[in-house]
Colleague: 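Below are the structure tokens for one structure; questions will follow.
To find a chain, count down the sequence lines: A is the first, B the second, and so on, and within it residues start at 1.
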Protein chains: 2
Amino acid sequence: MILNYSAIKKQILNETVDTPLSGTLSGHAAGEPFEKKVYKKIKALYPFNTFKQFEYLNKLFLSNPQCTTYEERISLFESELVSFLIRRGKTETNRWNANNLFEEKQNDTADILYIDNDFYEIIDVKTRNMNRQAQPPNIISAYKLAQAMKIMIDTKEFNKIDIVYVEVDWVQKGSKLVATDAHIASIFKTNPKNLYINWSAAMQIQFHVSDLPQDFNGTQEEWAREYLTNYYKQALKRAESMKTKFAYPFEDYINN
Amino acid sequence: MILNYSAIKKQILNETVDTPLSGTLSGHAAGEPFEKKVYKKIKALYPFNTFKQFEYLNKLFLSNPQCTTYEERISLFESELVSFLIRRGKTETNRWNANNLFEEKQNDTADILYIDNDFYEIIDVKTRNMNRQAQPPNIISAYKLAQAMKIMIDTKEFNKIDIVYVEVDWVQKGSKLVATDAHIASIFKTNPKNLYINWSAAMQIQFHVSDLPQDFNGTQEEWAREYLTNYYKQALKRAESMKTKFAYPFEDYINN
């Protein structure tokens with residue numbers, strides 16, 4: 001976490017957005033304007049280092065018009081780890097051109113990308129309606145993170161990225177939503193054992209940012225190996241429960 | 001399918017609802033008013049047999065005020081199969097009282113319940129924006145359906161229920177959404193082999209109603225056993241791929 005998050009937090013507190021006209025207040029739509037606010041605050045503080053993920057990709061490809069194939073465009077990322085985390089799919093990357101730029105995509109890894117020389121801070125903003133009790137949100141696919149940690153170890157890119165989550169808490173006050181609190185946490189600062197993987201919800205890691213302990217003191221390589229150990233064991237456990245809970249109870253009922 | 005769906009379909013075609021003021025047109029919110037329309041049409045045709053699921057549960061419990069515990073309330077269902085499919089959870093059922101009625105819940109099995117003597121037609125309405133290409137929607141949990149089919153076989157309740165899906169297709173015309181087509185299909189009239197289970201999306205069966213073949217001619221017991229056979233094999237396959245795809249590739253990276 002190299003950004004000045006305490007300054008950012010201060011600027012977010014008491015910010016307001018209009019209550020959406022329709023739809024439930026639990027969903028993505030209600031909180032989305034706060035995500036835009038966080039982006040604007042960070043952009044104002046670090047105007048030359050701050051990008052939306054799609055914006056960075058557009059900039060990278062626009063500055064290199066000689067690269068026209070998927071392979072050529074992918075080679076523009078100077079880091080395999082960063083490439084894996086932020087590139088778009090093959091078809092989309094092939095189809096990209098100056099008249100067909102990337103647009104925002106909900107399952108991009110980063111809401112906001114902070115780039116300083118060859119360091120990438122991947123920032124994801126979660127917004128939370130404090131008037132309701134809600135399940136912890138989807139954070140990132142545990143499988144995607146496992147693949148990323150494997151690449152990190154293979155390429156020894158241990159100080160290349162951070163993945164930071166910003167939670168904006170809000171309540172409704174009449175026609176406005178008001179930001180009442182904000183929480184910031186790095187995934188690499190929590191013990192991987194704390195990470196809950198919801199295997200049936202697209203293998204998503206889920207947590208409220210405000211609940212995430214930040215007391216892991218090991219290196220990023222230690223984190224990656226700890227994470228993969230935990231992930232691997234849980235995946236095997238899930239494979240076992242797929243059989244014992246979801247298959248075997250029906251064994252006596254099947255046609256042979 | 002004992003309702004007159006061709007009459008219902010005719011009544012839905014060219015119906016309009018207001019375009020929602022905000023939010024994306026892909027989501028649940030846009031199509032929801034059509035679900036309400038379908039309910040109203042069916043209710044008008046069969047006023048004494050048509051209920052929302054929560055409405056039926058409220059009616060059942062309100063007519064039996066002597067039943068106050070979970071066990072007593074659950075015993076009111078004269079069918080274990082129907083009870084499994086439409087009852088609410090233990091805590092909720094315990095907390096229910098005349099001043100704390102059930103309300104609509106998104107993951108209820110039925111949007112609409114048609115009850116004729118001791119037959120239950122469970123009707124689920126799917127709405128579809130024809131201006132967009134979208135993934136097939138979540139239909140029902142494959143695991144829940146497996147449990148239901150196990151109960152069906154155990155209790156021999158083979159002519160107790162149907163599960164019918166109504167797809168309302170719509171397009172946006174200015175400030176209105178217009179219903180352009182409707183499709184009706186019974187899950188028991190399709191070969192269970194046609195059912196795609198998305199294991200990572202909460203084990204949901206997914207299909208567009210309009211794409212669902214309706215040529216299964218076996219009995220409901222045959223359907224149940226075919227379904228369980230197919231489900232069981234897929235669950236074992238998924239357990240295997242949990243290991244080979246999601247665990248083993250990371251084996252060399254873990255701490256021992």
Side-chain angles (χ1 to χ4, degrees), chain A residues 18-24 26-30 32 106 141-143 145-147 149-154 192 197-204 221-222 224-256, chain B residues 18-24 26-30 32 106 141-143 145-147 149-154 192 197-204 221-222 224-256:
Chain A
D18 290 337
T19 299
L21 288 168
S22 78
T24 63
S26 55
H28 180 69
E32 208 182 11
Q106 226 201 312
S141 154
Y143 175 56
L145 188 57
Q147 292 172 291
M149 293 304 98
K150 184 171 180 283
I151 293 169
M152 184 187 273
I153 293 169
D154 286 342
I197 302 171
N198 191 334
W199 291 97
S200 74
M203 302 188 263
Q204 287 282 320
E221 176 168 11
E222 285 165 349
R225 291 190 185 274
E226 270 297 307
Y227 174 75
L228 285 170
T229 304
N230 191 39
Y231 167 85
Y232 176 81
K233 286 182 187 162
Q234 280 197 54
L236 287 188
K237 226 170 114 180
R238 174 66 178 182
E240 204 44 42
S241 84
M242 278 302 301
K243 290 192 278 189
T244 56
K245 180 173 177 193
F246 298 118
Y248 296 160
F250 305 102
E251 199 169 11
D252 293 343
Y253 296 79
I254 70 172
N255 301 321
N256 289 305
Chain B
D18 290 337
T19 299
L21 289 170
S22 80
T24 64
S26 56
H28 180 70
E32 207 183 14
Q106 225 201 311
S141 155
Y143 175 56
L145 189 56
Q147 292 172 291
M149 293 305 97
K150 184 172 182 282
I151 294 170
M152 185 187 270
I153 293 169
D154 285 341
I197 301 170
N198 191 335
W199 291 98
S200 75
M203 301 188 262
Q204 287 281 319
E221 177 170 10
E222 285 164 352
R225 291 189 185 275
E226 271 297 308
Y227 173 76
L228 287 170
T229 304
N230 190 39
Y231 167 85
Y232 175 81
K233 286 181 186 162
Q234 281 197 55
L236 287 188
K237 226 170 114 182
R238 173 69 177 178
E240 204 44 42
S241 82
M242 279 301 301
K243 289 192 279 188
T244 57
K245 180 172 177 193
F246 298 118
Y248 295 161
F250 305 102
E251 201 170 10
D252 292 344
Y253 296 79
I254 69 172
N255 302 321
N256 289 306

Colleague: B:E226 versus chain A, heavy atoms under 4.5 Å apart: side chain, backbone, both or neither?
Modeller: both
Colleague: Please state whether the side chain, the backbone, both or neither of A:Q234 comes within less than 4.5 Å of a heavy atom of chain B.
Modeller: neither
Colleague: At their closest point, which heavy atom of A:F250 faces which heavy atom of B:Y232, and how far apart are they?
Modeller: C-CD1, 4.4 Å
Colleague: Which atoms of B:L228 come close to chain A, meaning under 4.5 Å heavy atom to heavy atom: side chain ones, backbone ones, both, or neither?
Modeller: both
Colleague: So do A:W199 and B:W199 actually touch side chain to side chain, heavy atoms under 4.5 Å?
Modeller: no
Colleague: Heavy-atom pairs under 4.5 Å with chain B: which of A:A247, A:A142, A:P249 has the most?
Modeller: A:A247
Colleague: So which heavy atom on B:A239 is nearest to which on A:M242, and how close?
Modeller: CB-CB, 3.7 Å
Colleague: Would you check if the side chain of A:Y231 reaches a backbone N or O of B:F246 as a donor-acceptor pair within less than 3.5 Å?
Modeller: yes
Colleague: Which one, A:M203, A:Q204, A:Q147, leads in non-hydrogen pairs under 4.5 Å with chain B?
Modeller: A:M203
Colleague: Using only atom types and a distance under 3.5 Å, with no angle test, would you say the side chain of B:Y253 pairs donor to acceptor with the backbone of A:D154?
Modeller: no
Colleague: Which heavy atom of B:N255 sits nearest to which heavy atom of A:T229, and what is that distance?
Modeller: N-OG1, 2.8 Å
Colleague: Among B:A146, B:A201, B:S241, which residue forms the greatest number of heavy-atom pairs with chain A at distances under 4.5 Å?
Modeller: B:A146
